[in-house]
Amino acid sequence: MNCTSLSWSTSTADDLSPTSIVCSIGFIIHTIFWIQLIPFSSLRQKNLMWLYAYLITDFFLLARFFVLYSMRYWRICLYYTFRMVLCYFEASSKFYINTVQNYILLALNVCRCAQIIFNRNVFISNPRLIILTHFLIYIVPALNVMIQFLGNWTVLWRRAGQACDILYVSLSVQIFNLFFIYLIPVTFNLIIIGFCIRHVSSIRGIRSQQIINRRRKQKKTLLIQTIIFYSIWLILWSPNVLAFQFINVNTEPAIYTSLLNYIEIAIDPILVAALDVRFFQSWKIIWRKIKGHRQRTIAPILPADPKQEY
């Protein structure tokens, strides 16, 4: 059996050029972010587990784009079986990872809320629950994808020169996916954040003005963090998640909504840093060391006194 070369159509390759640039920038930003973990032990803590899990899925999405884009750009030749496996992976992997990311953020907010309201570090008090949650977050979305393919609720769409995609056989499946991947986790995220803000702003039973002022400062910080992260996240991430259920990934609207998704992925390390002050502290330390090193290496050069010749 002869192999078949993968390729991009001219129009699709041109439309994906901005995405390739954004992904390249995102790869550099993510690489720098992970390097900073090496010298700072304060950034290697269990309570940062969900943030790192989220960023790892970002890295998978970047790697997925580069691998699939490069295979078609370089016209890699594959036999039928490998081509079909790759096509199923291409069609379903982004849907799967986006679902995982949403529930990772939900788990992150649940743990933060437990810390804020109940002063409870679940990473220490409930390690088995954390492991079980990880298992469910990664397995359940995969089962959802597999069941939909095996039950013929979705079929594989593929054309020469274009990316493989999922075609849904009924509107009810699309509505179910919207609830599962978007509405349920986003709604619970907003509810949990609301509970945290309400608790921080509550002054019931507190007579000390110092404690009240500290809580108000915490409320302001939490609000700023929440508004920055979730506003940007929802604006850039939501269009792609909502659109891919109803339009083909090779159309221009889908490519540009996907571009917004990759822009969000590229700046995620900065957004994640907004959720934890330890990242900003490490950046300040790095900047002070760089500034101090430059000041030591640049020594003032004083002109020598000219000798008079007679």
Side-chain angles (χ1 to χ4, degrees), residues 8-9 11-12 15-16 18-19 22-23 54 57-58 60-65 67-69 72 84-107 136-159 161-191 230-266 268:
W8 288 117
S9 64
S11 58
T12 303
D15 291 337
L16 286 175
T19 305
V22 170
C23 288
Y54 179 80
T57 58
D58 273 351
F60 281 148
L61 285 173
L62 291 175
R64 170 190 176 275
F65 173 82
V67 169
L68 296 174
Y69 181 83
R72 284 192 168 86
M84 288 301 298
V85 171
L86 182 68
C87 197
Y88 273 103
F89 171 79
E90 183 178 33
S92 60
S93 55
K94 193 173 183 180
F95 168 64
Y96 166 75
I97 296 177
N98 279 329
T99 307
V100 169
Q101 283 189 323
N102 220 341
Y103 283 95
I104 285 176
L105 288 181
L106 179 58
L136 292 176
I137 286 176
Y138 304 134
I139 296 300
V140 173
L143 291 176
N144 177 49
V145 174
M146 292 174 60
I147 290 173
Q148 291 189 21
F149 274 117
L150 295 175
N152 293 325
W153 299 340
T154 59
V155 294
L156 189 66
W157 184 96
R158 59 192 183 96
R159 296 289 187 276
Q162 296 183 324
C164 297
D165 194 15
I166 295 175
L167 184 64
Y168 297 95
V169 299
S170 68
L171 181 62
S172 59
V173 177
Q174 295 170 304
I175 294 175
F176 169 79
N177 284 333
L178 284 179
F179 271 92
F180 181 68
I181 190 177
Y182 187 82
L183 293 177
I184 293 176
V186 169
T187 301
F188 275 102
N189 269 319
L190 295 177
I191 292 173
Y230 279 96
S231 295
I232 298 176
W233 181 71
L234 285 173
I235 291 172
L236 297 178
W237 180 81
S238 295
N240 180 61
V241 175
L242 296 174
F244 88 93
Q245 292 286 329
F246 303 100
I247 59 178
N248 188 279
V249 295
N250 298 282
T251 60
E252 285 193 1
I255 290 175
Y256 290 124
T257 56
S258 179
L259 175 62
L260 293 178
N261 190 191
Y262 283 112
I263 292 174
E264 185 263 330
I265 291 172
D268 262 344

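Just so you know, these numbers use all the heavy atoms, side chains as well, and skip hydrogens, waters and symmetry mates. What you see is a predicted model, and the numbers here were worked out from it, not measured in a lab.
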| said: Using the rule given for side chain to side chain contact (heavy atoms under 4.5 Å, CB included), can you reason through Ile181 versus Phe244, listing the C-alpha separation, both sets of side-chain angles and the distance that settles it, and then say yes or no? | reply: CA-CA 12 Å; Ile181 190 177; Phe244 88 93; 4.3 Å; yes

With sequence neighbours excluded, tell me which residues meet side chain to side chain contact (heavy atoms under 4.5 Å, CB included) with [X].
{"X": "Gln174", "answer": "Tyr168, Leu171, Gln245, Phe246"}
{"X": "Tyr256", "answer": "Asp15, Glu252, Leu259"}
{"X": "Leu190", "answer": "Val186"}
{"X": "Ile97", "answer": "Thr57, Phe60, Leu61, Gln101"}

Give the minimum heavy-atom separation between [X] and [Y], together with the two atoms involved.
{"X": "Thr12", "Y": "Ser9", "answer": "OG1-OG, 2.8 Å"}
{"X": "Pro141", "Y": "Leu136", "answer": "CD-O, 3.7 Å"}
{"X": "Pro239", "Y": "Ile235", "answer": "CD-O, 3.1 Å"}

Can you sort out the partners of [X] under side-chain hydrogen bond (donor to acceptor under 3.5 Å, both in side chains), two or more places apart, ordered by chain and number?
{"X": "Ser231", "answer": "none"}
{"X": "Asn250", "answer": "Asn248"}
{"X": "Ser93", "answer": "Arg64"}
{"X": "Glu90", "answer": "Arg72"}

| query | Any donor and acceptor pair, going by atom type alone, linking the side chain of Asn144 with main-chain N or O of Val140 inside 3.5 Å? | reply | no

| query | Is there a donor-acceptor contact under 3.5 Å from the side chain of Thr99 to the main chain of Phe95? | reply | yes

| message | When you compare the side chain of Asn240 with that of Glu264, does any pair of heavy atoms fall below 4.5 Å? | response | no

| request: Please tell me if the side chains of Asn102 and Ile184 come closer than 4.5 Å, counting only heavy atoms from C-beta onward. | output: no

| query | Is the number of heavy atoms from other residues, nucleotides or ligands within 6.0 Å of CE (Met84) greater than 12? | reply | yes

| said: Which residue in the set Tyr138, Tyr182, Phe180, Tyr54 passes ring-ring contact (aromatic ring centres under 6.0 Å, His included) when paired with Tyr103? | reply: Phe180

| Looking at Leu62, Leu260, Ile263, which one forms a side-chain contact (heavy atoms from CB on, under 4.5 Å) with Val22? | Ile263

Please name all residues satisfying ring-ring contact (aromatic ring centres under 6.0 Å, His included) with [X], sequence neighbours left out, ordered by chain then number.
{"X": "Tyr88", "value": "Phe149"}
{"X": "Tyr96", "value": "none"}
{"X": "Phe65", "value": "Tyr69, Tyr262"}

| Qualifying side-chain hydrogen bond (donor to acceptor under 3.5 Å, both in side chains) pairs with a residue from residues 149-159, counting only residues at least two apart or across chains | none

| query | Would you say the side-chain atoms of Asn177 and Gln148 include a donor-acceptor pair closer than 3.5 Å? | reply | yes

